[in-house]
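First the structure, in the form of structure tokens, and then the observations on it.
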There are 2 protein chains.
Amino acid sequence: MTSRATVKRVRKAPAERRSEIVASAATLGLTEGLECITLRRVADELGVRPGLVSHYFPVAEELVAEAFADATTDELDGLLPSDAGAHDDGGVLGMLRRFLALTSGEEFDDISRLWLNARHLARYRPLLHEQVVRQELLWCRRIEAMIDQGVRSGAFTCADPWAAAVRILVAVDGTSAYINTSLQQRLAPIRDVVRTVMETELGLTAGTLSPAAGD
Amino acid sequence: MTSRATVKRVRKAPAERRSEIVASAATLGLTEGLECITLRRVADELGVRPGLVSHYFPVAEELVAEAFADATTDELDGLLPSDAGAHDDGGVLGMLRRFLALTSGEEFDDISRLWLNARHLARYRPLLHEQVVRQELLWCRRIEAMIDQGVRSGAFTCADPWAAAVRILVAVDGTSAYINTSLQQRLAPIRDVVRTVMETELGLTAGTLSPAAGD
DNA sequence: GGCGTTATTGGTCGCATGAACAATTGCTTA
DNA sequence: TAAGCAATTGTTCATGCGACCAATAACGCC
């Protein structure tokens with residue numbers, strides 16, 4: 001009657017088991033927070049013993065850092081594919097609108113929480129700190145690349161794509177800072193901040209990046 | 001030779017001891033993080049036994065929440081005195097410049113960390129959540145009041161002071177989100193964000209709120 | 001098909017946390 | 001000055017954490 005149905009061991013290839021552990025930890029960090037990534041919790045999630053997780057990650061913090069990197073890398077690829085320009089559906093402007101739609105949707109809430117979580121926790125955990133910095137610069141560079149592309153194609157103008165990317169991310173992170181607290185009470189004035197900043201930074205007329213403007 | 005020089009008990013008035021505990025916890029939260037506010041840590045700081053802290057705060061989370069509220073209330077009063085307009089040193093514009101100078105100085109770093117800390121931790125702690133929401137709205141209202149004053153005195157114009165206050169705080173919190181991570185790598189493009197947002201929201205010509213412009 | 005590598009188990013250790021409680025002692029009040 | 005209130009101490013308990021390690025069993029290789 002116990003929950004442990006099978007005492008049979010399942011032996012997997014190291015690489016497979018390892019990525020399984022990271023994936024589980026990433027999901028855990030994304031839904032419940034990075035503090036919940038403990039040896040025991042991850043082991044429970046996978047139906048294995050804590051010692052096994054310890055075997056692949058002798059230092060627990062390494063798993064936390066890698067889980068964060070895994071989750072944010074996946075999200076960034078979904079937000080702004082790195083092979084930008086390959087299949088231009090609506091061009092760069094369409095890509096910007098898609099970015100705005102995704103980052104303002106409810107599906108992005110967990111990511112907002114994860115970033116907030118990681119930026120705080122990085123204060124105490126050097127390995128996580130390293131990954132957060134890496135990902136922050138990665139996200140920034142990806143946006144910069146998109147701006148570069150738009151400037152080259154003549155979709156808009158921008159004197160300093162890097163600075164623009166930095167400031168667009170300030171808007172994104174500023175609006176998502178309240179995800180756990182008073183976001184609902186201040187939603188209305190905040191709603192269009194990212195879009196407005198984008199339009200300003202890229203010299204676009206107001207409303208160009210509104211969702212409806214694409215049709 | 002032990003650190004416990006005196007075994008003599010010091011009995012203080014409850015109100016005094018209580019505020020002493022809160023003050024110590026607030027300092028601790030501000031310098032080392034809210035997670036460091038533990039019964040034992042605070043007791044050590046004050047040279048008393050953990051049970052005493054427990055006596056005043058039977059539920060530890062209450063102390064954390066109150067410490068946060070204490071620290072942020074003090075900071076807000078230093079940033080934007082609630083008796084605004086009483087002694088107009090340079091008027092509202094001077095007050096805005098002072099706000100910008102203080103929030104961009106290094107002395108504000110601990111406050112940035114505290115807000116980041118609290119906004120994340122509020123996810124798990126209902127009592128802290130309540131205080132963070134309260135303080136967020138309090139900071140917002142204080143800025144709104146200052147805008148109201150400036151509009152009345154004709155220093156600038158603003159169609160929706162509340163919305164402007166919300167967006168100014170988005171800029172403040174957006175720029176301070178990286179305080180623990182990659183702030184240094186992206187300092188240049190970020191430096192003038194809050195000032196620029198303020199000037200835009202208040203219909204001021206660019207540069208009006210620059211530090212030098214006051215002399 | 002036996003054998004050795006190693007993935008996996010199960011248990012232990014030390015540490016820090018919040019909470020609870022009886023005993024003690026300083027202070028105030030009658 | 002005696003008595004009582006309550007501020008303060010000292011200790012205990014249960015919980016969850018990371019880290020460590022010996023024993024075990026599944027799988028691939030010869």
Side-chain angles (χ1 to χ4, degrees), chain A residues 2-25 28-29 32-68 117 121 124-128, chain B residues 2-25 28-29 32-68 117 121 124-128:
Chain A
T2 80
S3 61
R4 180 152 282 272
T6 166
V7 283
K8 197 109 177 187
R9 296 186 181 185
V10 180
R11 190 189 178 106
K12 301 193 173 182
E16 181 188 358
R17 182 65 88 182
R18 187 192 156 88
S19 62
E20 198 178 271
I21 291 173
V22 172
S24 176
L28 213 47
E32 303 186 30
L34 296 172
E35 289 87 346
C36 295
I37 302 180
T38 67
L39 304 181
R40 289 164 180 81
R41 190 77 167 73
V42 172
D44 279 352
E45 219 72 32
L46 272 75
V48 300
R49 310 269 73 201
L52 183 60
V53 181
S54 242
H55 173 69
Y56 286 95
F57 292 90
V59 175
E61 190 193 333
E62 278 179 30
L63 175 57
V64 175
E66 195 163 327
F68 167 78
N117 192 168
L121 209 56
Y124 306 104
R125 316 247 177 134
L127 297 178
L128 178 61
Chain B
T2 80
S3 61
R4 179 151 282 272
T6 168
V7 284
K8 196 109 176 185
R9 295 187 179 186
V10 180
R11 189 191 178 103
K12 300 193 174 183
E16 182 188 357
R17 182 65 88 183
R18 188 191 154 89
S19 62
E20 197 179 273
I21 292 173
V22 173
S24 175
L28 213 46
E32 303 186 29
L34 296 172
E35 288 87 347
C36 295
I37 302 180
T38 66
L39 304 182
R40 288 166 181 80
R41 191 77 167 73
V42 172
D44 279 352
E45 218 73 32
L46 272 77
V48 299
R49 308 270 74 202
L52 182 61
V53 181
S54 243
H55 173 70
Y56 287 94
F57 292 90
V59 175
E61 190 194 333
E62 279 179 28
L63 175 57
V64 175
E66 197 163 326
F68 167 78
N117 192 169
L121 209 55
Y124 306 104
R125 316 246 176 134
L127 297 178
L128 178 60

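So that the names make sense, note that chain A is the first sequence line, chain B the second, and so on, each numbered from 1.
- One can find a donor-acceptor pair under 3.5 Å joining the base of C/dT8 and the side-chain atoms of A/Arg9.
- Each of A/Gly51 and A/Glu35 lies near DNA chain D, and the nucleotide nearest A/Glu35 is the one positioned closer to the 5' end.
- Looking at the side chain of B/Thr38, the nearest of the listed nucleotides D/dC5, C/dA7, C/dT17 is C/dT17.
- Counting atom types as modelled, A/Arg40 pairs no side-chain N or O with a base atom of D/dG16 as donor and acceptor under 3.5 Å.
- Residue A/Pro50 is classed as having no contact, given no heavy-atom separation below 4.0 Å to the nucleic acid.
- Atom P of nucleotide D/dA25 and atom NZ of A/Lys8 are separated by 11 Å, given to the nearest angstrom.
- Contact between B/Ile21 and B/Phe57 at its shortest, heavy atoms only, is CG2-CE1, 3.9 Å.
- Residue A/Leu39 contributes atom CG, which lies 19 Å from atom P of C/dC13 at whole-angstrom precision.
- The CD1-P distance, from B/Ile21 to D/dA7, rounds to 11 Å in whole Å.
- Between A/His55 and C/dA7, a side-chain N or O to OP1/OP2 separation shorter than 4.0 Å is present.
- For the pair A/Arg125 and A/Val64, the tightest heavy-atom approach, listed with the atom from each and the gap, is NH1-CG2, 4.3 Å.
- Using a 4.0 Å cut-off, some side-chain N or O of A/Arg17 falls inside it from OP1 or OP2 of C/dT8.
- One can place CG of B/Leu63 at 12 Å from C1' of C/dG18, the figure rounded to the nearest angstrom.
- With hydrogens and angles disregarded, a donor-acceptor distance shorter than 3.5 Å links the side chain of B/Ser19 to the backbone of B/Glu16.
- Counting all heavy atoms, side chain and backbone alike, A/Asn117 lies closest to A/Gly33 at OD1-CA, 3.3 Å.
- Spacing between atom CZ of A/Arg11 and atom C1' of D/dA26 amounts to 5 Å, rounded to whole angstrom units.
- Protein atom CD of A/Glu16 is 14 Å distant from nucleotide atom C1' of D/dA26, rounded to whole Å.
- Remark: C1' of C/dG26 and CZ of B/Arg49 are 18 Å apart, rounded to the nearest angstrom.
- Backbone-only engagement by B/Tyr56 is indicated by non-hydrogen atom pairs under 4.0 Å involving sugar-phosphate atoms exclusively.
- When every heavy atom of A/Leu39 is checked against every heavy atom of A/Ala60, the shortest pair comes out as CD2-CB, 4.2 Å.
- The nearest whole Å value for the distance from the CG atom in B/Leu52 to the C1' atom in C/dA20 is 15 Å.
- Between its two ends, the helix from C/dG1-D/dC30 to C/dA30-D/dT1 turns its axis by 0°, counting five pairs per end and rounding to 10 degrees.
- Counting only residues at least two apart or on different chains, the side chain to side chain donor-acceptor pair (under 3.5 Å) pairs with a member in residues 55-66 of chain B are B/Arg18-B/Glu66.
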